[in-house]
Amino acid sequence: MKGDFLKAMQFRHACKIFDAEKKIPDEDLRFILEAGRLSPSSFGLEQWRFIVVRTQELKEKLKEACFNQVQLSTCSDAVVIAAKIEELLPGSEYVEARFACLADRPEVLKWVRDFYASYYSGINISQWSITQCHIAAANMMTAAAAIGIDSCPIGGFSLSKVMEALGLDEVKHTVALIVPFGYRVNPQPQKYRLAFDDLVEYR
Ligand SMILES: Cc1cc2nc3c(=O)[nH]c(=O)nc-3n(C[C@H](O)[C@H](O)[C@H](O)COP(=O)(O)O)c2cc1C
C-alpha cells in the first residue's frame with residue numbers, strides 16, 4: 001500500500017507533451033474526477049466546479065489562452081477547475097444547502113452560519129476558493145498517476161481568455177487551475193525536491 005502510493009507520487013510529474021492519439025477511457029476519467037469530488041474543502045463548501053474539455057476546438061482555444069502550452073492541445077481531456085465565488089455568499093441558497101448537510105441540529109447550524117459570515121468578511125473570497133480547488137486538483141493528479149495516467153497542473157494562463165473560451169461569468173466564478181490529462185510521449189525527467197530534513201521538523 002505505502003509503496004504503491006509513493007510509486008504514484010513518483011510517477012506524477014508535470015508532463016509537457018502528451019500522446020495526442022491516446023484517449024483516456026471514460027471509466028478512468030470518471031475515477032479521476034471522483035477523486036476531485038471526494039476532496040476535503042473548507043466549511044465543506046466544495047468550492048470547485050470541474051469543466052471537462054474534450055473537443056479539439058476548445059482544447060486549441062485553451063492552448064492559446066495558456067500561452068500556447070502544448071499540453072492543452074495534445075492531452076486527452078483537460079479539466080478546468082472553476083472556483084465558485086457568488087455561490088459562497090453567506091446565506092446563499094448554495095451555502096445553506098451545504099450547511100444543512102453539515103449541521104444536524106439548529107444550534108449547530110446557527111453557529112456554523114455565524115462563524116462563516118464572520119470568517120467570510122475577513123478573507124479574499126476568490127483566493128480562498130482557489131486554494132480549495134488546488135486540493136481537488138492534487139487529488140485528481142495523484143489518482144490519475146495511480147492508474148498510469150499523466151497530468152500537468154497549468155497555472156500559466158490568461159484568466160480573461162480562459163473565462164471567455166468557456167463562457168464563464170466573473171461574478172460567479174474564477175479559474176483556479178487547468179489540468180490536462182493524457183499519456184506521456186517523453187520519458188519522465190529527474191524529480192528534484194528539497195531534502196526531507198530541510199523541510200520537516202518535529203517539535
Ligand atoms: C499551481 C501550479 C501551477 C503550475 N503551472 C504550470 C504551467 O503553467 N505549466 C507547466 O508546464 N507547469 C506548471 N506547473 C508545474 C510545476 O512547474 C511543477 O510541478 C514543478 O516544477 C515540479 O515538477 P514536477 O511536478 O514534474 O515534479 C504548475 C504547478 C502548480 C502547482
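FYI, side chains are in, hydrogens and waters are out, and symmetry mates aren't considered; it's all heavy atoms of this structure. Whatever order the structure lists ligands and atoms in, that order sets their numbers, starting from 1.
Annotation: ligand 1 has protein neighbours R12, H13, A14, K16, Q69, Q71, C152, P153, I154, G155, G156, L177, K191, R193, each with a heavy atom less than 4.0 angstrom from the ligand.
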Next on the checklist: Before you tell me yes or no, could you show the steps for L166 and V53 under side chain to side chain contact (heavy atoms under 4.5 Å, CB included), namely the whole-Å CA-CA distance, both residues' side-chain angles and the distance that decides it to 0.1 Å?
Outcome noted: CA-CA 9 Å; L166 296 172; V53 172; 4.0 Å; yes
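Residues D150 and F181 form no side-chain contact, since every pair of their non-hydrogen atoms from C-beta on lies 4.5 Å or further apart.
Listed for the K59 side chain is a donor-acceptor partner under 3.5 Å among the backbone atoms of S76.
To the nearest 0.5 Å, the span separating OG on S39 from CD on E34 amounts to 10.0 Å. Summarising the geometry, atom CD1 belonging to I154 is positioned 12.0 Å from atom CD1 belonging to I81; distances are rounded to the nearest 0.5 Å.
Between Y183 and K22, the closest heavy-atom pair is CD1-CB, 3.6 Å.
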